[in-house]
Student: 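I am attaching a structure below and will ask some questions about it afterwards.
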Amino acid sequence: MNTLLQINNSITVQQALDFVQTPECGGVAVFVGNVRNVTQQKKVTKLLFECYEPMALLEMEKIAQHTIDKMGIKKIAILHIVGEKLPGDTVVVIAAASAHRAAAFAACEYAIDTLKETVPIWKKEYFEDGAVWVAAHP
Amino acid sequence: MNTLLQINNSITVQQALDFVQTPECGGVAVFVGNVRNVTQQKKVTKLLFECYEPMALLEMEKIAQHTIDKMGIKKIAILHIVGEKLPGDTVVVIAAASAHRAAAFAACEYAIDTLKETVPIWKKEYFEDGAVWVAAHP
Amino acid sequence: MRVLLFGIAKDIAGAPFIMAEGITTVAELKVWLYKQYPALQKLRSLMIAVNKVYAADVDVLKPEDEIAIIPPVSGG
Amino acid sequence: MRVLLFGIAKDIAGAPFIMAEGITTVAELKVWLYKQYPALQKLRSLMIAVNKVYAADVDVLKPEDEIAIIPPVSGG
């Protein structure tokens, strides 16, 4: 298999690297997304990630396959957490391995951009004075 | 300090991540360069990396500062190995953290592209029938 | 038919799934949802997934389909 | 003055450093090097670093400078 897709309570960069790294690929591009401690000048106390898991895995699979079929990627890992997280915690890891580093960067950026648009995962930000579902309203 | 620059016998991705990750930065882009087992259809048995270390660190510092001063990067780590390596081994790690992921990707790609052009490090590839200094001749 | 809800849509409906009857297309389901839960009209977007795939307004719904309301996603 | 050598330049000269005398500019040093070690002319490029910074042909060399030959780099 050339793709590793996981939705889990805990994910690590090492997991993604261990999967994609092979002696045939010179370059691996990785994106690591972490919880920020401040959003729009407000202190974030915690986050909740909810997920429609079977569909999320299918959408992640579409993204991964596109990078392999069309963008020159040999192996790709897309990992995303669910559940409660604190500022600083890692919520998403994407690692793409290719013989050519430009392809690895392009695929990694495509994967995170598309994940944020299409994969059914929802983030609720908790502040000292309330909580909001991110991006729900215009 | 916002930059971690290291030339060492052994480097890890975790080292770079531990340095650049802060709760203020949502996105970290990473590049991992590994020894390939084949170059131009020939099997690579080992590699030797040689380095003019004091100058290499200064050139790495220029790259790192450019990403911080001009490309919106908060923290960046550039790690490169020296000495003998085998196919599959990691030889370079670059990690760039920014509030915006597009900036992190752009800076990471700029850093590896520029490192390959300016930093005084030399790679000798060993094959079953000889060895060559990579890119030495036209 | 059973309709799954997530994120803010689940909060608005107050339940992880709801039952809808007499609906045959995605467009009809949206009209019904907006009437039942007017707060859904205020969202930036509202997609319907049928059997784990984003559906178009003209798509037909069958009783055995797995139907889900997808409010604006915000993963990553 | 002492001149440091690296990579293929070190292999060509057969030593990690060499001594050069009566040279006052980077351009003169290159001419001298090409004469002493004709194989250096075949390289894709040859840069000179003075005090750990890439130098231009017109730059002046002083005896106390740290001078290094930089053949084509291939890190990463």
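The chains referred to below are lettered A, B, ... by the order of the sequence lines, with proteins before strands, and numbering in each begins at 1.
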Student: Looking only at heavy atoms, which of residues 108-127 of chain B get nearer than 4.5 Å to chain A?
Tutor: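 Residues B:Cys108, B:Glu109, B:Ile112, B:Asp113, B:Lys116 are the ones that qualify, each having a heavy atom under 4.5 Å from chain A.
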
Student: Side chain from CB out, backbone as N, CA, C, O: work out which of these in B:Ala95 comes under 4.5 Å of a heavy atom of chain A, or both, or neither.
Tutor: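 Interface part for B:Ala95: neither.
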
Student: Counting only non-hydrogen atoms closer than 4.5 Å, does A:Ala97 touch chain B with its backbone (N, CA, C, O), its side chain (CB onward), both, or neither?
Tutor: neither

Student: Could you tell me how the ring of A:Phe105 sits relative to the ring of B:Phe105: parallel (under 30°), tilted (30 to 60°) or perpendicular (over 60°)?
Tutor: perpendicular

Student: Could you check whether atom NE2 of B:His100 has more than 12 heavy atoms from other residues, nucleotides or ligands sitting under 6.0 Å from it?
Tutor: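 Incorrect, the count does not exceed 12.
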
Student: So for A:Ala99, is it side chain, backbone, both, or neither that comes closer than 4.5 Å to the heavy atoms of chain B?
Tutor: both

Student: If you draw a 6.0 Å radius around NZ in B:Lys43, do more than 12 non-hydrogen atoms from other residues or ligands fall strictly inside?
Tutor: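 Open: at most 12 neighbouring heavy atoms sit under 6.0 Å from NZ of B:Lys43.
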
Student: Going by the side chain to side chain contact (heavy atoms under 4.5 Å, CB included) test, name the single residue among A:Val93, A:Leu17, A:Val30 that passes it with B:Val30.
Tutor: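 Option passing the side chain to side chain contact (heavy atoms under 4.5 Å, CB included) with B:Val30: A:Val30.
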
Student: Let me know if B:Thr12 has heavy atoms under 4.5 Å from chain A in its side chain, its backbone, both or neither.
Tutor: neither

Student: Name the region of A:Thr22, side chain, backbone, both or neither, that has any atom closer than 4.5 Å to a heavy atom of chain B.
Tutor: neither

Student: Does any heavy atom of chain A fall under 4.5 Å from the side chain of B:Val35, the backbone, both, or neither of them?
Tutor: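 Backbone only.
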
Student: Do A:Val38 and B:Glu24 have side chains that approach each other closer than 4.5 Å (heavy atoms only, starting at C-beta)?
Tutor: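 When only atoms from C-beta onward are counted, B:Glu24 and A:Val38 do not touch, as no gap falls below 4.5 Å.
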
Student: Non-hydrogen atoms of chain A under 4.5 Å away: do they reach the side chain of B:Ile94, the backbone, both or neither?
Tutor: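 Answer is neither: B:Ile94 stays 4.5 Å or more from chain A.
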
